[in-house]
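Shown next, in structure tokens, is the structure this report addresses.
This one's a predicted model, so the numbers in the text were calculated from it and none came from an experiment. Lettering of chains follows the sequences in order, A, B, ..., and the numbering in each one begins at 1.
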Amino acid sequence: MSAPSDASRPYGGPGNFVRELIEGEIAAGKHSGPVVTRFPPEPNGYLHLGHARPITLNFEMAREFGGRCHLRFDDTNPLSEDVEYVDAILADVRWLGFDWGEHLYFASDHFERLYGWAEELIGKGLAFVCDLSSDEMPLYQGSLNEPGRPSPYRDRSREENLDLFRRMRAGEFEPGARTLRAKIDMASPVLVLRDPVLYRIVKASHHRTGDRWCVYPMYDFAHPLSDAIEGVTHSLCSSEFVDHRPLYDWTVENCSVPSRPRQTEFGRLNLTYTVMSKRLLKRLVEEGHVRGWDDPRMPTLSAIRRRGVPPAAIRNFNRDVGLTKRDITIELPRLEHAVREELNRTAPRVMAVLNPLRVVIENLPEGERLDFEAVNNPEDPGAGTRTVPFSRVLYIERDDFLEDPPKKYFRLAPGREVRLRYACLVTCTGVVKDASGKITELRCTWDPATRGGNAPDGRKVASTLHWVSATHAIPAEVRLYETLFRVEDPMAEAEAKGIDLASFLNPNSERVRRECWVEPSLRDAQPGSAFQFERLGYFAVDPESKPGALVFNRTVTLRDEWAKLQKRSAK
RNA sequence: UGGGGCGUCGUCUAAUGGUAGGACAGCGGCCUUUGGAGCCGUUCGUGGAGGUUCGAAUCCUCCCGCCCCAGCCA
């Protein structure tokens, strides 16, 4: 149940109102037992970045107070749920670094007791069987401004209600024919209190209970009661459920439950340049805008895992962003910061050339190989060093040479001397072009006195370039990712302008480069492992990668001052 | 429009009647064998109007704005 987390980085800092609430309760002696929270997903889709907030919050609060956090599937709607999602959700929560221990539950485990409480409500005259069809019911519900009218079936006797409800369970009626409803107040200004449906008839096989049930409890009934059964003390949920709290309380107050949970709501988290609703994400998959739920451009947890985002970055992101009652939209760079921060600490450095330009070292004989020692991670001395081979023909990044360099361009140019990272200083002596004028090769000389990269005479160079040895490098495919959408808030723009969401997709969200070269130490890089390609960014080995056919995904770029300069001058 | 929730730098978030602080982003600089990392500096904010008070982001009144609710979804 304890998360691998840094306790010096508490969730939301001292201002987290949920922590203050719990501390206050404990100070007031309101808890005799442990603090118990829960994360309650419905297994009808994949978890995304928006879910990481309640996951982190629930597990972290339980940990901070020495309690426990349950993982409970709210599987009360067999029409939309599936084991496929159960398995994926389990894997995602585990990946995020949280452990529910023995406390894995399903609302469907509680169906029998829930049913018993429904009969209890009938016995108390607090629930009735309603014969209104799904078409008719809205006619009685009123509207935002007008009160509803009581169902004509509202005053049935307890005996008749009980008989009908038992026959509903026995499968005597067709789906939609009848419902069990709470008897509360059809005139309530709170819509959810207007005799809400508690049970409906569904004849579909449930992924866990099979065909045992013909009636299924609604969320508003199953959720508070499941919390009570499990001894949940703090039912933390997002703000759209604020209106449901009176019904939550009504339910636990009127059923003979073993404990008294309380619901507390916090604001939802959104991110710029993406969408975060299951419906929209599903559309992106189904319409082929992405290759699947784990396409690295998606905001799903499985996708960012594939992209190379470490789980600690997600936990820290949520801790740092904090928690209030308001819905928030975080700017994407804030997430990228958390990702870089974590990867900077942990990712081994390596050299890779994504857009190769051939360089011939004229004063180094063919067939000669020099070995240079490279630091694996300057942030982590314990990561050690490795050897990188150097020879007459190299590749450097095409962007790292300009025949006619502008001011503030520090990289290679005719006649200029730069350092090749970990290797030596080289000077550009010539440029070879093809018939169309495209540069095909650079001629350089190296200074053997600068082995390792420093000049004994103390002369400085303006920049350091990454490189690979052409004869030793390994070919690789590299997938470069940008935001899926071109605009900060695609949903809002689509609605405001009446344009389809798809028109805001970023055509450059994925660019595949197949002629990249990586240093030989990467030969056996395993899927999932993360590296910093020096000067370029962080890259993770894709699950599709194989020895001999390496595939890397760009997780996030490095901060790039030169790119920023260029962007600014382009405006 | 009935009910509910929420308004502090561009974006998040502290300050719980007593100097409006921090992070990310931005800008400027230092440093650098990654134009990375790190370090230093800096611009920018209490939705509005009244009121209470020696003193208001905080308390009161009114106004304005944004979000949620009319599934037999969760």
[atom1] gap between [N] and [M], integer Å:
{"N": "C66(B)", "M": "U11(B)", "atom1": "C1'", "result": "16 Å"}
{"N": "U61(B)", "M": "G5(B)", "atom1": "P", "result": "15 Å"}
{"N": "G4(B)", "M": "U43(B)", "atom1": "C1'", "result": "39 Å"}
{"N": "G47(B)", "M": "G36(B)", "atom1": "C1'", "result": "41 Å"}
{"N": "G17(B)", "M": "C24(B)", "atom1": "P", "result": "30 Å"}
{"N": "C31(B)", "M": "A20(B)", "atom1": "C1'", "result": "33 Å"}
{"N": "U13(B)", "M": "C6(B)", "atom1": "P", "result": "13 Å"}
{"N": "U8(B)", "M": "G51(B)", "atom1": "P", "result": "24 Å"}

request  = Output, in order, the C-alpha distance, side-chain angles, deciding distance and verdict of ring pair (Phe, Tyr, Trp, His ring centres under 6.0 Å) for Y46(A) and Y85(A).
outcome  = CA-CA 6 Å; Y46(A) 288 83; Y85(A) 299 119; 5.5 Å; yes
Counting side-chain heavy atoms from C-beta on, which of [options] comes nearest to [X]?
{"X": "N77(A)", "options": "A70(B), U13(B), C73(B)", "value": "C73(B)"}
{"X": "V197(A)", "options": "G3(B), C72(B), C73(B)", "value": "C72(B)"}
{"X": "R326(A)", "options": "U8(B), A74(B), A70(B)", "value": "U8(B)"}
{"X": "R568(A)", "options": "G2(B), G28(B), G5(B)", "value": "G28(B)"}
{"X": "R334(A)", "options": "G4(B), C24(B), A74(B)", "value": "C24(B)"}
{"X": "E240(A)", "options": "C68(B), C27(B), U1(B)", "value": "C68(B)"}
{"X": "P333(A)", "options": "A25(B), C12(B), A74(B)", "value": "A25(B)"}
{"X": "E20(A)", "options": "U16(B), G5(B), C69(B)", "value": "U16(B)"}
{"X": "V242(A)", "options": "G2(B), G4(B), C72(B)", "value": "G4(B)"}

Scan [X] against the nucleic acid and name what it touches under 4.0 Å (heavy atoms): base, sugar-phosphate only, or nothing.
{"X": "M218(A)", "answer": "sugar-phosphate"}
{"X": "H223(A)", "answer": "nothing"}
{"X": "I328(A)", "answer": "sugar-phosphate"}

task = Establish whether the base of G10(B) is bridged to the side chain of E331(A) by a donor-acceptor pair shorter than 3.5 Å.
result = yes
ask   = Between F266(A) and F17(A), is the gap from one ring center to the other below 6.0 Å?
value = no
request  = Check E519(A), E373(A), E534(A) against R421(A) for a salt bridge (Lys or Arg N to Asp or Glu O under 4.0 Å) and give me the one that passes.
outcome  =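 Only match with R421(A) under salt bridge (Lys or Arg N to Asp or Glu O under 4.0 Å): E534(A).
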Side chains of [X] and [Y]: do they bring a donor and an acceptor to under 3.5 Å?
{"X": "R349(A)", "Y": "H466(A)", "result": "no"}
{"X": "Q263(A)", "Y": "Y248(A)", "result": "no"}
{"X": "R38(A)", "Y": "S235(A)", "result": "yes"}

inquiry  = Using the rule given for salt bridge (Lys or Arg N to Asp or Glu O under 4.0 Å), can you reason through D227(A) versus R262(A), listing the C-alpha separation, both sets of side-chain angles and the distance that settles it, and then say yes or no?
reply    = CA-CA 9 Å; D227(A) 283 345; R262(A) 300 278 173 183; over 6 Å; no
If we call it a pair only when both distances are under 3.5 Å in a Watson-Crick or G-U wobble match, what pairs with [N]?
{"N": "G7(B)", "result": "C64(B)"}
{"N": "U46(B)", "result": "none"}
{"N": "U19(B)", "result": "none"}
{"N": "G41(B)", "result": "C27(B)"}

The single option from F533(A), Y422(A), W446(A), F390(A) passing ring-ring contact (aromatic ring centres under 6.0 Å, His included) against W467(A) = F390(A)
query = Roughly how many Å is it from CG in L271(A) to C1' in U11(B), rounded to a whole number?
reply = 11 Å
ask   = For Q532(A), which of V350(A), T555(A), L343(A), L558(A) qualifies under side-chain contact (heavy atoms from CB on, under 4.5 Å)?
value = L558(A)
task = Encode nucleotides 35-47 of chain B as B, S and - characters from 5' to 3', where the letter depends on protein heavy atoms closer than 4.0 Å: B to the base, S only to sugar-phosphate, - to neither.
result = BBS----------
request  = Could you check if the base of G71(B) is syn or anti? Syn means the glycosidic torsion is within 90 degrees of 0.
outcome  =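 Classified syn.
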